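Here is the structure we will look at, set down as structure tokens.
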2 protein chains.
Amino acid sequence: MSKTRITLKDVANKVGVHSSTVSRVLNPDTRKMMTEEIAEKILKVAAEMGYRPNAFAQSLKTNRSFTVGVMVPDLTNPAFAPIIKGIDNMLEAHGYSVIVANTYNLPDKQQSTAEKFRERHVDGLIIATAQRKDKLIEDCRREGTPFVQAVRASNDTDVSSVLSDEHIGGNMVISHLAQLGHKRIAYVAGPQFFSTGYERYQGFLQGMKNAGLKADKDLVVFCDEFSEEEGRHATSKLLAGRKKFTAVYAGNDIMALGVYDELEADGIKCGKDISVVGFDDMPFADKFNPPLTTVHTPLVNVGSEAARILLEKINDAATPARSIKLKPDLIVRESTGKVR
Amino acid sequence: MSKTRITLKDVANKVGVHSSTVSRVLNPDTRKMMTEEIAEKILKVAAEMGYRPNAFAQSLKTNRSFTVGVMVPDLTNPAFAPIIKGIDNMLEAHGYSVIVANTYNLPDKQQSTAEKFRERHVDGLIIATAQRKDKLIEDCRREGTPFVQAVRASNDTDVSSVLSDEHIGGNMVISHLAQLGHKRIAYVAGPQFFSTGYERYQGFLQGMKNAGLKADKDLVVFCDEFSEEEGRHATSKLLAGRKKFTAVYAGNDIMALGVYDELEADGIKCGKDISVVGFDDMPFADKFNPPLTTVHTPLVNVGSEAARILLEKINDAATPARSIKLKPDLIVRESTGKVR
DNA sequence: AAAAACTATGCAAACGATTGCATAACATAT
DNA sequence: ATATGTTATGCAATCGTTTGCATAGTTTTT
């Protein structure tokens, strides 16, 4: 990267014009200010000389970096790769680069990551890590930082977000289980300080009500994190309780795997003795044993929609806030079956 | 991001020194040039005022961006997330940000991605997309771009790379299968223009030889890509052939899933009628049906080692090239069993 | 005491691009 | 022909930081 650099001045000297003229020709917005004859000559020479703008100099002057910071909890959670893919495809097509950071659901890490993004003057943020009440969101609003929340959102009402409709998802799950004859349905809830945890629980409650079933507090366990271990632990508690149940709805696929673990350890047949449903349809959910019935959220679309909205915000700060809820689908596989 | 900026000059005015003094105090390498009294005063005032260097101005002057470009084939392949994680953890600790790009194994995409990274003046590259003969590697060498290859490498001999030892892996697999009594072992090979495809095939051949078994050309299928579909297609061809076999070794876990698909479609019991082995131990391989026996490559370590070497190269261009092969482990699960 | 060496700090040039403003050249109206 | 309006281009300031060099002040050596 220490190769001799061709600058605007080099091109200008070769064509016999001033560097500001070259700059204006190379910017499509100002090209029309120059005659076509000079413009063609400049474009030709710039290409021949291999001129490439210095991004730092541009950014220093324009205060724009054409980067976007994306915060995810943990890139090794397979649900986030499709989201990033959707984000990257959209932003890359508009000349932006994506800087991804993991926060591991640690608030301190989230703050230091935000700080780093500020130092880098990212043009905007996509935040997939927000809690329902989140200082980062407050900070971004106060500072006027363009941002969009993806997957999870804070409680703030006039901020943009792209989520999956967790209530529709919950209704679908309970309806499916009810049709299979299930009446005692347990719920393994994610942390309530995340909107995914909270809203999926509300969706469970609503689904039960709509199916004419009674939601039983003793058949609900609230987990501290969306993890396999917590899912397993919750299932262990449910099985140790006095209330029997014939189905478990887990707040995401990772926790559903924990449910699987516990059922298997206790010699309970998943899909036959007890039905299990997850949420997200993360990659390879169809390869599990048994293939997991789950709510498919269009993760790539979540990413690309979030990126689209962010681009609008960056280009026009007056873009009104927008909260988009994408409709999920229930994918029935072999982890659910008729009540025995 | 349009908040009023505090500059070096503002801090300098407040302390009553020159901005170059502030700059030298804030740089640990030059702090000792200033008296402790002035240094403490500057550090205090800078913190109080919330001074933050302008990264663009720094980069324009120093020609350093403190970013690293990472090229992966496809972020949704679960094997790459741990690699990125390892890379990010190491680089982030040294003040770098990671810009990730997907190339989808398309050479044109790889070239345009490299071009974008050049425009951004990333300080170095980690390339997880190289073919055995790859123009990008030639370009980087000619230009003196610091880079390290990860997972896959080109044939060039004096370039740095961090790989898994595919031969050791192959030997482990064949030895394991031989111990289970398998003699007719089929191999589903990845594309030979990738080092992973080629070297894992060589490992297969070497393992067979070392186990005193005859590698049979009719029991080898070469795939055009590392994909589930190709793995399935290859298995279909193997089953349609005249040679019987009792085990399949697939060049990666994704292709092993394709092997699973075909066996299941044909009513063949995986792990009982035919044993299956993969390579990579991608996340959730233990959740498959049956849990996959596979070669575990320490993906996070591949990432962090590659990042470490790259940092050395960036800091000292004379760092000698180094090719590291990490030792894999065989993880035996339920997809392999005794010959029937 | 004078000369030489060392240290601390300020000055200003440089990095490369963008863009407001000035002005020369050209076109149109009187 | 003269006055007015429009267009094309160059000049130079700006963005904010780093760093070579100059120089004033201090310390050490002769």
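All of these numbers come straight from a predicted model, not from anything done at the bench. Convention: sequence-line order gives letters A, B, ...; per-chain numbering from 1.
- With a cutoff of under 4.0 Å to any heavy atom of chain B, the contacted region of DNA chain C is bounded 5' to 3' by dA8(C) to dG16(C).
- Across the protein-nucleic acid pair, Arg64(B) atom CZ and dT19(D) atom C1' stand 16 Å apart, rounded to whole Å.
- For the pair Phe194(A) and Arg132(A), the minimum side-chain heavy-atom distance is 4.5 Å or more.
- Rounded to 10 degrees, the angle separating the terminal helix axes of the helix from dA1(C)-dT30(D) to dT30(C)-dA1(D), each built from five base pairs, is 50°.
- Heavy-atom contacts from other residues, nucleotides or ligands closer than 6.0 Å to NZ of Lys116(B) number more than 12.
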Pairs: protein N or O with nucleotides 12-16 of chain D N or O, under 3.5 Å:
from	atom 1	to	atom 2	distance (Å)
dT14(D)	O2	Lys61(A)	NZ	2.9

What side-chain donor-acceptor pairs closer than 3.5 Å can you find for residues 67-80 of chain A, not counting sequence neighbours?
from	atom 1	to	atom 2	distance (Å)
Thr67(A)	OG1	Ser65(A)	OG	2.7
Asp74(A)	OD1	Thr76(A)	N	3.0
Asp74(A)	OD1	Thr76(A)	OG1	2.8
Asp74(A)	OD2	Thr76(A)	OG1	3.3
Asn77(A)	OD1	Ala79(A)	N	3.0

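- Within the structure, salt bridge (charged side-chain N to carboxylate O under 4.0 Å, His left out) contacts touching residues 57-66 of chain A (residues at least two apart or in different chains) are Arg64(A)-Asp123(A).
- Residue pairs meeting the salt bridge (charged side-chain N to carboxylate O under 4.0 Å, His left out) criterion with at least one member in residues 306-320 of chain A, sequence neighbours excluded: Glu305(A)-Arg308(A), Arg308(A)-Glu312(A), Glu312(A)-Arg322(A).
- The list of salt bridge (charged side-chain N to carboxylate O under 4.0 Å, His left out) pairs with a residue in residues 15-31 of chain A, not counting sequence neighbours, is empty.
- For the contact set between residues 29-37 of chain A and DNA chain D, defined by any heavy atom under 4.0 Å, the members are Met33(A), Met34(A), Thr35(A).
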Exercise. Would you sort out whether Asp156(B) and Gln149(B) count as a side-chain hydrogen bond (donor to acceptor under 3.5 Å, both in side chains), showing the intermediate values?
Key: CA-CA 11 Å; Asp156(B) 309 81; Gln149(B) 297 179 75; 5.2 Å; no
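- Scanning for ring-ring contact (aromatic ring centres under 6.0 Å, His included) contacts around Tyr51(B) gives an empty result, with sequence neighbours left out.
- Comment: Asp88(A) does not engage Lys85(A) in a salt bridge, judged by the lack of any side-chain N to carboxylate O separation of less than 4.0 angstrom.
- Sorted by first and then second residue, the pairs that involve residues 96-114 of chain B and meet salt bridge (charged side-chain N to carboxylate O under 4.0 Å, His left out), not counting sequence neighbours, are Glu92(A)-Lys109(B).
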Give the table of side-chain donor-acceptor pairs shorter than 3.5 Å for residues 39-49 of chain B, with sequence neighbours excluded, one pair per line with atom names and distance.
from	atom 1	to	atom 2	distance (Å)
Lys44(B)	NZ	Glu48(B)	OE2	3.1

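- Evaluation of the ring pair (Phe, Tyr, Trp, His ring centres under 6.0 Å) test over residues 124-151 of chain B, restricted to residues two or more places apart or in two chains, returns none.
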